[in-house]
Every structure is written in structure tokens, then in C-alpha cells.
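The model shown is predicted, which means the values in this text are computed figures rather than measured ones. First listed ligand is number 1; within each ligand, the first listed atom is number 1.
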Amino acid sequence: MKTNISYIIVFTLSLLFSNSFSNDKPADFKKFVVVIDAGHGGKDPGKPSKTGVREKDVALKIALLIGEELGRNKEIEVLYTRKTDVFVELDRRGEIANKAKADLFISIHCNAHTSQASGAETYVLGLHRNNTNFEVAKAENEVIFLEDNYEEKYAQYNLNSPESLIGLTLMQEEFLDQSIQLASLVQDNFREKLNRKDRSVKQAGFVVLHQTVMPSILIETGFITNNEEGKYLNSSTGQKEIAHAIATAIEEYKGNVSANDFLGITKVVPAVEVKDIVSDSEVYMVQIAASSKSVEPKSYNFKGLAEITRAKEGKLYKYYYGDTSNYSDIQRKLSEAKSKGYKSAYIVSFKNGVKRKVN
Ligand SMILES: [Zn+2]
């Protein structure tokens with residue numbers, strides 16, 4: 001047994017080193033796929049400004065520059081929803097990302113306002129907390145009216161009623177903490193490296209973000225209606241700087257994610273309430289949902305499943321079914337959770353405060 005363990009350690013270390021120091025990737029090496037979505041295009045100009053700067057042009061230039069920079073990283077594959085001035089339907093944008101099984105979806109836009117408002121803000125999908133956020137999402141969502149069959153395609157959305165617009169289920173929030181992490185890195189770069197006005201990370205109901213099944217953000221890179229910022233956004237220096245700030249944030253995010261994935265471990269953040277889960281021996285649970293909302297761990301909230309544990313991890317509450325050191329027992333519980341409708345449920349194990357996804 002001891003030999004086996006030392007072998008595993010040596011093997012793991014050699015993998016670590018080969019990954020850091022060599023370009024020979026294992027045969028099953030999967031590139032980190034980033035889909036870059038330049039907002040608007042073609043018959044949809046996006047927001048116009050008095051100076052004639054058009055959102056669709058600025059968004060496309062920044063998107064292509066981000067892709068150019070990320071494309072130089074051998075571990076990243078870049079895909080675009082558009083590379084030219086063409087109209088792309090909102091649901092098609094999400095479809096491109098979903099089909100590619102992308103790791104990230106980045107949508108690039110510009111803001112506009114009747115005042116001289118300025119600054120950059122980054123959105124993740126969620127319920128808006130104030131009317132300004134709602135107005136931004138509403139303006140971006142209105143492009144669906146330019147599409148054929150929009151009534152049919154977007155029947156689930158009522159653009160004037162944010163609650164219906166979201167219809168967020170617990171499972172759809174699975175990617176929220178990662179989206180927020182990336183959005184914060186983008187805003188940090190804007191503020192610290194470019195000295196831009198930081199309008200912070202926000203939540204609102206963007207249809208385009210609702211279509212994707214991976215961490216997704218929408219960046220309002222600045223106000224084309226602001227005299228100075230409009231000029232900056234329309235200049236090649238401004239576009240290069242903004243693209244560089246976004247690309248660096250994506251690479252930093254990728255670094256964080258890969259480090260965790262490589263070991264198959266999610267380190268539980270110290271501040272979390274997982275004390276009930278911490279154990280010297282391995283404990284198995286079925287993760288059935290993740291949400292920013294704290295829901296009582298009662299069976300009536302979880303389709304009749306009893307034995308629900310709620311634990312805070314980062315900004316999300318994770319909900320677990322079952323609690324056992326018996327592996328075949330937890331496999332039975334996984335089947336039970338799936339039969340109740342928790343189709344993407346999976347087994348996790350906890351040991352000494354470290355959570356691990358069990359395959
Ligand atoms: Zn836009």
C-alpha cells in the first residue's frame with residue numbers, strides 16, 4: 001500500500017512539473033475554450049452617440065483584440081459569435097458557446113446615457129438590485145425585436161417584468177460564483193491598471209447570458225455618450241488597453257480554475273459554514289443544487305428529499321443530499337436524487353475540510 005501511495009505522489013508531481021515546464025501536452029489535453037461575443041452587429045447598431053461612434057463597431061474591435069491576445073496562449077482556444085459587421089440573433093450567440101462546450105462566455109458592449117455618465121461595469125446574470133441595472137439589461141435585450149419569430153423564440157421572457165425574465169432555477173445559478181469571480185477580475189484591472197471609473201460588478205437579467213451553460217459575463221466597457229470616454233472607446237489606444245485588461249483577467253481566472261481542476265479539489269474557503277461537514281474520515285454527499293439564495297434545508301424545498309445539508313461556499317449556498325461514509329449507499333442516493341429531477345447532481349466527498357468531486 002505504501003508503495004502505491006508513493007507512486008501516486010511521484011506521478012502527481014511529475015505531472016505537475018511536466019505541465020509547468022514542457023509544451024508536450026497529454027493526448028487528452030483540452031484547451032480552455034473562450035467564446036467572445038461582440039454585441040450587436042449588422043442591422044443592429046447598438047447604442048449610437050452624437051459623435052457618430054457606434055456600439056457595434058467598438059464592441060467588435062475590442063472583441064477581436066481580446067481574441068488576438070488570448071489566441072497567443074497555446075492553452076486557450078478562441079471562438080467568436082461574429083468577426084465582421086453581421087447581425088447575429090441572441091439565442092444563436094448562446095448556442096455557439098454551448099455547442100463548443102466553452103469554458104467562458106464574454107459579451108462585449110458599450111453603455112449610453114443622456115447624461116455625461118462614465119465608467120465601466122461588468123454584469124453577471126441575476127435579479128437587478130436597482131432600476132438603473134434593469135434599464136441597462138432592458139436596452140440590451142431589445143435587440144430581440146429585430147429578429148424573426150421573436151415572440152415564439154423568446155416566449156419565456158417578458159422584457160418588462162424582470163422576474164419572468166430570469167426564471168432562475170437553483171441549478172442555473174451553478175455558475176454564478178465563477179462568473180462573479182471573473183467579473184471582479186475584469187473590474188479590478190479596469191480600476192487598477194487603467195485608472196478607469198469602476199462602476200462595479202452588477203447583476204441583471206440579460207437574455208444573452210441566460211442562454212449559456214457556463215460562467216458568463218457581459219462587460220459594458222464604457223459610455224460612448226460621454227465626450228471623453230466616447231473618444232477613448234473609439235481610439236485604437238483605448239480599445240487595445242481595454243482588450244488587454246479583459247484578456248489578462250481571463251488568463252488570471254483560467255489560472256485559478258486550472259489549479260483547482262488539476263487536483264480535482266475545491267478548497268473550501270475558511271470563512272464558510274462547513275463545520276458540520278468537516279470530518280477526519282471521508283464523508284460522501286450528493287450535491288443537488290447551488291444558489292445565491294439561502295433556502296431552508298427542509299424536504300418540502302427539495303422535492304421530498306430528507307437529510308439535506310446546506311453549506312456556504314464562497315458566495316453560494318450548496319445543497320447536499322445524504323451524509324454517509326458508505327460509497328454504495330451514496331450511489332443509491334445519487335440515483336434517487338436524479339429520479340426526483342436533480343439531473344446534474346453528483347457525488348462529493350469531504351475530508352478534513354477539503355471538498356472533492358467524486359467521479
Ligand atoms: Zn449593447
Practice prompt. For the Zn ion (ligand 1), decide whether His40 has an N, O or S atom at a distance under 2.8 Å.
Written response: yes
Worksheet item: Just checking, Arg310 and Tyr319: is the charged tip under 6.0 Å from the six-membered ring centre and within 45° of the axis?
Response: no
I'd like the atom name of the N/O/S atom in [X] lying closest to the Zn ion (ligand 1).
| X | result |
| --- | --- |
| His109 | ND1 |
| Glu55 | OE2 |
| Glu140 | OE1 |

Worksheet entry | Member of Val208, Val35, Leu90, Val86 meeting the side-chain contact (heavy atoms from CB on, under 4.5 Å) criterion with Thr81 | Val35
Worksheet entry | Atom NZ of Lys153: over 12 foreign heavy atoms under 6.0 Å | yes
Worksheet item: Is it true that Glu307 and Lys333 have a side-chain N and a carboxylate O under 4.0 angstrom from each other?
Response: yes
